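Just follow the structure's listing: the first ligand is 1, and inside any ligand the first atom is 1. None of these values were measured; they are calculated from a predicted model.
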Amino acid sequence: MTSTRKTYIIANWKMNFTPGEASLYLHRLEGRIKPSRNVQVILAPSTVSLQPLSLQINRRQFKLAAQNFYWRDYGAFTGETSVSQLRGFVDYAIIGHSERRYIFNESEEDIANKVAAALRNNLIPILCIGETAMERRDGETAAAIYSQLANGLHEVSKEDISKLIIAYEPVWAISSNKNAHAAKPADIDEAQALVRKHISKVYGKGVGESIPVLYGGSVDHLSAGGYLSIEGIDGLLIGGASLIADSFCAIVEIAKGMKS
Ligand code: PGA
């Protein structure tokens, strides 16, 4: 993490909390997390909580992110929510999370379409990429990262690339909560360098160096400082530990401490 860039701490609440519970939890966080210019805290509740939370949050303190949406702006798509319906509520959108790729079979084409839809609607895409355990075992980590970036960014122009955030989340490290499976700083450092190399090659060195690259995968308050101290890592995408106020607030404090 370089001191001049902003740090992003993103809470992915996944399919947890009813709107009422989300609201109560937001109140707990509000009392403990003060706004900061250097550390942007982003909450990603489930879709049903986005509208109520958008009315309650102080946008200087927190921003909201969608966990998912459909890429078309309107039409006959029963059960789907478009990004144009969400854009009044959220500033960011998580796209290409491994749970969407592997549980819901989202294709690279879906992901590229979602990135384009988010940009078209003035939302900042948080594009998640990361290799599976099998790809890592077979020595295909770099190939997986390059191909997910090339596919996911297929529709992204030179003008728009600097609006994105990339989250490196190795699939084998997500929700593992086992130290044996935790990603090592060297793995993360290597991955962020691959991301920056690809983006530099396609879009130019400047944006390759400046684009925010986050890490996600079983981060908690004990491991956060180590991950944030990796040069080239600009923040964290947090699942399980973001549901526990003490743990999440401690992570935000660590990020702020490293910026001061
Ligand atoms: P985890 O989830 O922190 O529970 O591993 C991270 C994620 O899925 O984004």
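- Taking any N or O of I174, backbone or side chain, none lies under 3.5 Å from an N or O belonging to ligand 1.
- Of the residues L119, I95, V83, the one that meets the side-chain contact (heavy atoms from CB on, under 4.5 Å) test with K114 is I95.
- Classification of D187 and K184 as a salt-bridged pair fails, no side-chain N sitting under 4.0 Å from a carboxylate O.
- Of all the heavy atoms of N12, the ones lying under 4.0 Å from any atom of ligand 1 belong exclusively to the side chain.
- Between G239 and ligand 1, an N or O atom pair is found at a separation short of 3.5 Å.
- Under a 4.0 Å N-O distance rule, the pair R101/E108 qualifies as a salt bridge.
- With ligand atoms numbered from 1 in the order given, ligand 1 contributes 1 (P), 3 (O), 5 (O) to contacts under 4.0 Å with heavy atoms of S218.
- Proximity of a side-chain donor or acceptor of Y8 to a complementary backbone N or O of V213 within less than 3.5 Å is not detected.
- Under the 6.0 Å distance and 45° angle rule, R100 counts as a cation-pi partner of F104.
- Close contacts of ligand 1 with G217, meaning ligand atoms under 4.0 Å from a residue heavy atom, involve 5 (O).
- Ligand 1 lies out of reach of A241, whose nearest heavy atom is not under 4.0 Å from it.
- Remark: distances from the non-hydrogen atoms of G216 to ligand 1 are all 4.0 Å or more.
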